[in-house]
Number of protein chains: 2
Amino acid sequence: MSPRKSVAEARETRARILDRSVAIASVEGLDGLTIGRLALDLGMSKAGVLGHFGTKEALQLAALREASAVFSRLVWEPNAHLDAGLPRLHGVCESWADYLVRARDHFPGGCLFTTAAVEYDARSGPVRDAITRLTVFWQHRRLGFDLRAAVALGELRPDADVEQLVFELTGIYLSLNQAVQLNQAADAQARALRAVDRLLALEAPVPG
Amino acid sequence: MSPRKSVAEARETRARILDRSVAIASVEGLDGLTIGRLALDLGMSKAGVLGHFGTKEALQLAALREASAVFSRLVWEPNAHLDAGLPRLHGVCESWADYLVRARDHFPGGCLFTTAAVEYDARSGPVRDAITRLTVFWQHRRLGFDLRAAVALGELRPDADVEQLVFELTGIYLSLNQAVQLNQAADAQARALRAVDRLLALEAPVPG
DNA sequence: CCTACCGATCGGTAGG
DNA sequence: CCTACCGATCGGTAGG
């Protein structure tokens, strides 16, 4: 007579909780994500929700993992098959802009990394560390890899400053997120893509 | 025998509360700014703090006003006397970068506008509206004014897209804030200024 | 996965 | 500007 579920059902419940967690946290922040709100939304008890994770901090870390999985699915995977260097970089940059403008199902309040990075940038602990790791991975590693490949392949000039490009690309996406979320600017995506194109065009190899 | 203070003392207390509010909110967010924490930090009672503002929302709005005053003092006023157009634009851009890197007294958690914009971009109400107004003012009006002046004066090419420049400049400062707060990147300020210079150089008037 | 509960803290009020 | 208090909600636990 206990309401305990099978392993498969429990796994599905966990997935439902995480999906909802990412959506709530994108709006209310990882701190504003509360067990009570989650339980209410899902029609569960607080203890039922918390049982899947143990503590709120574990839930926050799981939500960040889930957000990273969504980001990978929407931004990285569709372009993973492209040639390393400029082709894949262009693909990822387009998908990234699309993700910020259209991923309202998972992130009604905008990219969770962007929200969480600002929310935790002055704190310490495991949540902040996870956020730092993830933003470094997606911004510096993933973008950086194709940028370095483009330099090595001669698609960008040999003296291109990759970290400078990462810094500026990051800014373009942060600005796009703000324009979409705060100012509801309809032309923001076009501005972002124009900025990316101009940035990369500047680093085109000198002919001859 | 009552602990009530004179008008001047009350005003000073109010200023102390606001100063502390901006500092706390920059770390914990405008939502994480609580009356109890404020009272504890200032050695006052909660009722004593709240009496100056009435409600938490009024306190949040007052904190935003105060943050704007600090921003004006550090970024705008030192450059207000410069010639409109490129000279003042360069001055403001340098002070802005300086403000993000060094204003740790007032903003230990980074620029309050940046934090608040992300925190409230998916909510509605007076606080969100105030944040939108302030970011529009500083980004689009103030930067936009000198950019348009520069175009009118022939310091930038006549077909320069001012809103595109505002979009990209905003991104540079958002990226700088993240690099400083989240990644503690020592070279971030130099990267920001390099990005600004390159952006404006691209819009230099074509000779002849 | 539930009910029932814990101490702590939230924003805010009454009254002085 | 204080003390003393309010109902609501927080994260979390006991026990089943």
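Values below: all heavy atoms of this structure, side chains included; hydrogens, waters and symmetry mates excluded. A, B, ... follow the sequence lines: proteins, then strands. Residue 1 opens every chain.
- Toward the 5' end of DNA chain D, the nearer of the two residues B:I17 and B:K46, judged by each one's closest nucleotide, is B:I17.
- Summarising the geometry, the separation between CG on B:L38 and C1' on D:dC1 is reported as 15 Å, rounded to the nearest angstrom.
- A:T55 has no side-chain polar atom (N or O) that falls below the 4.0 Å cut-off from OP1 or OP2 of D:dG11.
- A salt bridge links A:R37 with A:D41: the closest approach of a Lys/Arg side-chain nitrogen to an acidic carboxylate oxygen falls below 4.0 angstrom.
- For the pair B:M44 and A:L50, both in contact range of DNA chain D, the more 5′-proximal nearest nucleotide belongs to B:M44.
- Rounded to whole Å, the distance from CG on A:D41 to P on D:dT9 is 14 Å.
- Rounded to an integer number of Å, the gap from B:L40 CG to C:dA8 P is 15 Å.
- For C:dG12, its base never sits under 3.5 Å from the side chain of B:K56 at any donor and acceptor pair.
- Pair assignment for C:dC6: D:dG11, on the basis of Watson-Crick or G-U wobble contacts that are both within less than 3.5 Å.
- Straight-line distance from the CG atom of A:L30 to the C1' atom of D:dG11: 16 Å, rounded to whole Å.
- Taking a pair to require two hydrogen-bonding distances under 3.5 Å in either a Watson-Crick or a G-U wobble arrangement, C:dG16 pairs with D:dC1.
- Comparing C:dC2, D:dC2, C:dC1 against the side chain of A:H52 picks out C:dC1 as the nearest.
- The nearest whole Å value for the distance from the CD1 atom in B:I35 to the P atom in D:dA8 is 19 Å.
- Following rounding to the nearest Å, B:E9 (CD) and D:dC2 (P) show an atom-to-atom distance of 13 Å.
- Smallest separation of non-hydrogen atoms from A:A84 and A:P87: O-CD, 4.2 Å.
- B:L147 is not listed as a side-chain neighbour of B:E203, based on a closest heavy-atom distance of 4.5 Å or more.
- Atom pair A:L59:CG and D:dG11:C1' shows a separation of 11 Å (rounding to whole Å applied).
- No contact: B:L42 has no heavy atom under 4.0 Å from any strand.
- Atom CG in A:D31 sits roughly 13 Å away from atom C1' in C:dT9 (whole-Å rounding).
- When every heavy atom of A:L74 is checked against every heavy atom of A:Y99, the shortest pair comes out as CD1-CD1, 4.0 Å.
- Taking the six-membered ring where the residue is Trp, B:F71 and B:W96 present perpendicular rings, their angle passing 60° and hence far from 30°.
- Taking only side-chain atoms of A:T13, from C-beta outward, the nucleotide of C:dC2, C:dC1, C:dG11 with the closest atom is C:dC1.
- Applying the 4.0 Å criterion to OP1 and OP2 of D:dT9, one finds that A:T34 has every side-chain N and O outside that range.
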